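Keep in mind that this is a model prediction, so the values were computed, not measured. Chain naming here is simple, since letters A, B, ... match the order of the sequence lines and numbering starts at 1 in each.
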Protein chains: 2
Amino acid sequence: MLLSKSCVYGLRASLFLATRDNGEYVPIRKMSDKLEISFHFLTKILQQLTAEGIMESFKGPNGGIRLNRNGAEVPLMDIVLAIDGSQLLTECALGLPGCGTKNPCPLHDKWAETRDGIREMLEETTLTELAEKGMEENLRLTTDGGFDILFNDHEDEPK
Amino acid sequence: MLLSKSCVYGLRASLFLATRDNGEYVPIRKMSDKLEISFHFLTKILQQLTAEGIMESFKGPNGGIRLNRNGAEVPLMDIVLAIDGSQLLTECALGLPGCGTKNPCPLHDKWAETRDGIREMLEETTLTELAEKGMEENLRLTTDGGFDILFNDHEDEPK
DNA sequence: ATATTTTAAGACAAAAGAGTCTCAATAACC
DNA sequence: GGTTATTGAGACTCTTTTGTCTTAAAATAT
Ligand code: SF4
Ligand code: SF4
């Protein structure tokens, strides 16, 4: 797999948060419910992201998590680096240690090119970009739920 | 990681075999020694590849493994598909099931493009191509050994 | 035939990744 | 102050991947 499960969950939650443009904190429980991710697992992942300064947390009622963008847009790369580290972008396709152009493996040229494609994609795509697109076209963020599920808050209430 | 450890080992061994253009069988023990891979682990991996018809095996003295190329060149993709399956090329970047253009996730367009880059690389690169390049330039196939180590057979013998 | 060299098959163990649970800390509300 | 809603931290379990070991089967050579 390209990205670890943790990383994918981190990205999904980040996209959720990117739909809230104000400073509103979203409780992890709400995100885990909407995104169908284990609450405790998501908590650990978001703790990593707040530790990295990508998000901010606040305890107690009306608390939760929000993006800590200081006006700047967040590229997907930030999330990936925070959770999966830089392996994907630095490691050898053949698993050899201390990769580099000095002592390359036979795959190096081709792999370096492919890897740059991945890097560019992650660097040039931002959370808000995807979140806006997702809201406009009601794209999928879960097995069968589009972005709209992030907003209709009381679908489980009794009528 | 892009490719599993098994897959990477399979590729390394495949490159080894691609340096033997005749029908010579190479014992797994020799490959595992030269490539610094656990013998038993490599055995299991090569069993998968022979089961898929990518390689041929022969038991007993002078036995071993050889590529089963019927004149055709083997793209890296064949090895990857045999060991890791098609996940990498078919699965969603956001881990959503039943991916497709009908009900896409917000990353789809960008990811599909990146994924095509990976696919092309694996499809258009062949074992013999890499093996020839590796031999010409003595590129790295192990932590600190180039392709030359695949040929000097008696380096461990007493003098 | 017997011993040797090799792959085949599968049980087993160790390590890493994914997921669950419990308890503590902090903040708000009454 | 006490209760409730929330994150924080860490132990713990389950699953998958990775790696090891043992035994069997096939081919060869003597
Ligand atoms: S030369 Fe390139 S492909 Fe080879 S090990 Fe180094 S980084 Fe990887
Ligand atoms: S639409 Fe594309 S990126 Fe999204 S889940 Fe499907 S294949 Fe993956």
Nearest-angstrom distance from the residue atom [atom1] of [X] to [atom2] of [N]:
X	N	atom1	atom2	value
A:Ile37	C:dG17	CD1	P	19 Å
B:Gln48	D:dT18	CD	C1'	13 Å
B:Leu35	D:dG19	CG	P	14 Å
B:Gln87	D:dT17	CD	C1'	12 Å
A:Ile45	C:dG17	CD1	P	14 Å
A:Tyr25	C:dT26	OH	P	16 Å
A:Phe41	D:dT13	CZ	P	18 Å
B:Asp84	D:dT16	CG	C1'	13 Å

Salt bridge (charged side-chain N to carboxylate O under 4.0 Å, His left out) against A:Lys133, all qualifying residues, sequence neighbours excluded: B:Asp109

Letter per nucleotide, 5' to 3', of nucleotides 5-16 of chain C [B base touched, S only sugar-phosphate touched, - untouched; heavy atoms, 4.0 Å]: BBBBB-B-----

Residues A:Lys110, B:Glu129; criterion salt bridge (charged side-chain N to carboxylate O under 4.0 Å, His left out); working and verdict: CA-CA 12 Å; A:Lys110 303 222 175 192; B:Glu129 173 190 349; 3.0 Å; yes

B:Glu124 with B:Arg119: basic N within carboxylate O range, under 4.0 Å: no

Under-4.0 Å salt bridge between B:Arg115 and B:Glu91: no

B:Met31 vs B:Leu46 side-chain heavy atoms within contact, under 4.5 Å: yes

Any A:Tyr9 side-chain N or O less than 4.0 Å from OP1/OP2 of C:dG19: yes

Below 4.0 Å: OP1/OP2 of C:dT20 and any side-chain N or O of A:Ser38: yes

Among B:Phe41, B:Phe16, B:Phe39, ring-ring contact (aromatic ring centres under 6.0 Å, His included) partner for B:Tyr9: B:Phe41

